[in-house]
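This report refers to the structure that appears directly beneath it.
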There are 2 protein chains.
Amino acid sequence: MTASLPKHDVFQAIADPTRRQLLELLSDQEMPVTVISGHFPMSRTAVSKHLRILADAGLVKDRKVGRETRYRLDPEPLLELKRWLAYYERYWENKLSVLKHLVESDEPNGAAPFPPLTVIERKTTE
Amino acid sequence: MTASLPKHDVFQAIADPTRRQLLELLSDQEMPVTVISGHFPMSRTAVSKHLRILADAGLVKDRKVGRETRYRLDPEPLLELKRWLAYYERYWENKLSVLKHLVESDEPNGAAPFPPLTVIERKTTE
DNA sequence: ACGAAACGAAACCAAAAGGTGTCATAAAGG
DNA sequence: CCTTTATGACACCTTTTGGTTTCGTTTCGT
């Protein structure tokens, strides 16, 4: 167990626009760092750090080829994102039902309008 | 034009685990800030700021009811996320083709192995 | 009319994020 | 060999983020 414990999760990894562009660039083919960083208006080191974060999230894989390290997309962790998103699909599928909900809870201050207070635990840093 | 120019984008908004929990909590029904913050191990103000960020991204809507402000989910911006994700679906649908790609680009240093260097413009802060 | 409740705004703070440049090392290539 | 190339590891800096507390304003309830 404790299988690889990703230090960065997918949500955080894709939050940065540069990293999303990296994923797009690497989706076609694998590339070494120098070539990759040539596509971005920042230092190679900066790009390298972004790649590290993506790797931590499992979104890219690397392999050494001679003196270079080639990176390529691994889309697998995006499945988690897809599953997360799937939960909300039902909400936009019928926005009308949302509207209906709004109208129904019309009373300014209902009797017991809100669910039992369940405190959401702070995820302890693993 | 310049239609509402969201200061925070969806990707950044959902990057924070607390904000994802907020979305989940608000997906069922609308709630005023005090009730919402009762579910989280942090100050009301902190929760309020998270709600602000979600609102900036268009993920929640608020309406004033008396002295309280009730927040509720608006799933619409998640469509952007869904579209972004859709681009990558073809990659995990056939991970085998990715593998094939890898094997084919076997030569240690091919003639012109990488695409023409197109520098990706830094998105100027709007 | 007045105290309490609900909330946003502001000032503040520590830590994380996103950059930079320099350096050490390993592999390639005369 | 000796130089160049590719890269990761550091040390460092600035801005953003996520949190706090305090304060003012509006609305409610009595």
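Side chains included, hydrogens not; waters and symmetry mates left out as well; all remaining heavy atoms used. So you know, we letter chains A, B, ... as the sequences are listed, proteins then strands, and number each from 1.
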**Message:** By the ring-ring contact (aromatic ring centres under 6.0 Å, His included) test, which pairs, at least two apart or in different chains, include something from residues 9-29 of chain A?
**Reply:** A:F11-A:W84
Would you mind reading off the distance between [X] atom [atom1] and [N] atom [atom2], rounded to a whole angstrom?
X	N	atom1	atom2	answer
B:M42	D:dT20	CE	P	7 Å
A:D9	C:dA16	CG	C1'	14 Å
B:D16	D:dT16	CG	P	18 Å
A:I36	D:dT5	CD1	C1'	16 Å
A:H50	C:dA17	NE2	C1'	9 Å
A:R19	C:dG19	CZ	P	8 Å
B:F40	D:dT20	CZ	C1'	18 Å
A:K64	C:dA27	NZ	C1'	9 Å

**Item:** With B:S43 via side-chain contact (heavy atoms from CB on, under 4.5 Å) - residues at least two apart
**Value:** B:T45, B:A46
Could you write out each protein N or O paired with an N or O of nucleotides 7-10 of chain C at a distance under 3.5 Å?
residue	atom	partner	partner atom	Å
C:dC7	OP1	B:V33	N	3.2
C:dC7	OP1	B:T69	N	3.0
C:dC7	OP1	B:T69	O	3.4
C:dC7	OP2	B:V33	N	3.4
C:dC7	OP2	B:T34	N	2.6
C:dC7	OP2	B:T34	OG1	2.3
C:dG8	OP1	B:Y71	OH	2.8
C:dG8	OP2	B:S48	OG	2.5
C:dG8	N7	B:R44	NH1	3.2
C:dG8	O6	B:R44	NH2	3.2

**Request:** Can you sort out the partners of A:K61 under side chain to side chain donor-acceptor pair (under 3.5 Å), two or more places apart, ordered by chain and number?
**Result:** none
**Message:** Could you tell me if the side chain of B:L51 sits less than 4.5 Å from the side chain of B:V33, heavy atoms only?
**Reply:** yes
**Fill in**
Comparing B:G66 with B:A46, nearest DNA chain D nucleotide closer to 5' gives the residue B:A46
**Prompt:** Is a donor on one side and an acceptor on the other found under 3.5 Å between the side chain of A:R19 and the backbone of A:L54?
**Reply:** no
**A:Y88 (side chain) donor-acceptor with B:E24 (main chain) under 3.5 angstrom** = yes
**Asked** With a 3.5 Å cut-off and no angle check, do the side chains of A:S27 and B:Y91 form a donor-acceptor pair?
**Response** yes
**Item:** For B:R52, all residues meeting salt bridge (Lys or Arg N to Asp or Glu O under 4.0 Å), sequence neighbours excluded
**Value:** B:D56
**Request:** State whether B:E68 and B:R70 are salt-bridged, where the test is any N-O pair (Lys NZ or Arg NE/NH1/NH2 against Asp/Glu carboxylate O) under 4.0 Å.
**Result:** yes
**Prompt:** Using rotation axes that map the C1' atoms of four end pairs onto the next four (five pairs an end), what angle separates the end axes of the helix from C:dA1-D:dT30 to C:dG30-D:dC1, to 10°?
**Reply:** 20°
**side-chain N/O A:Q12 vs C:dA17 OP1/OP2, d < 4.0 Å** = yes
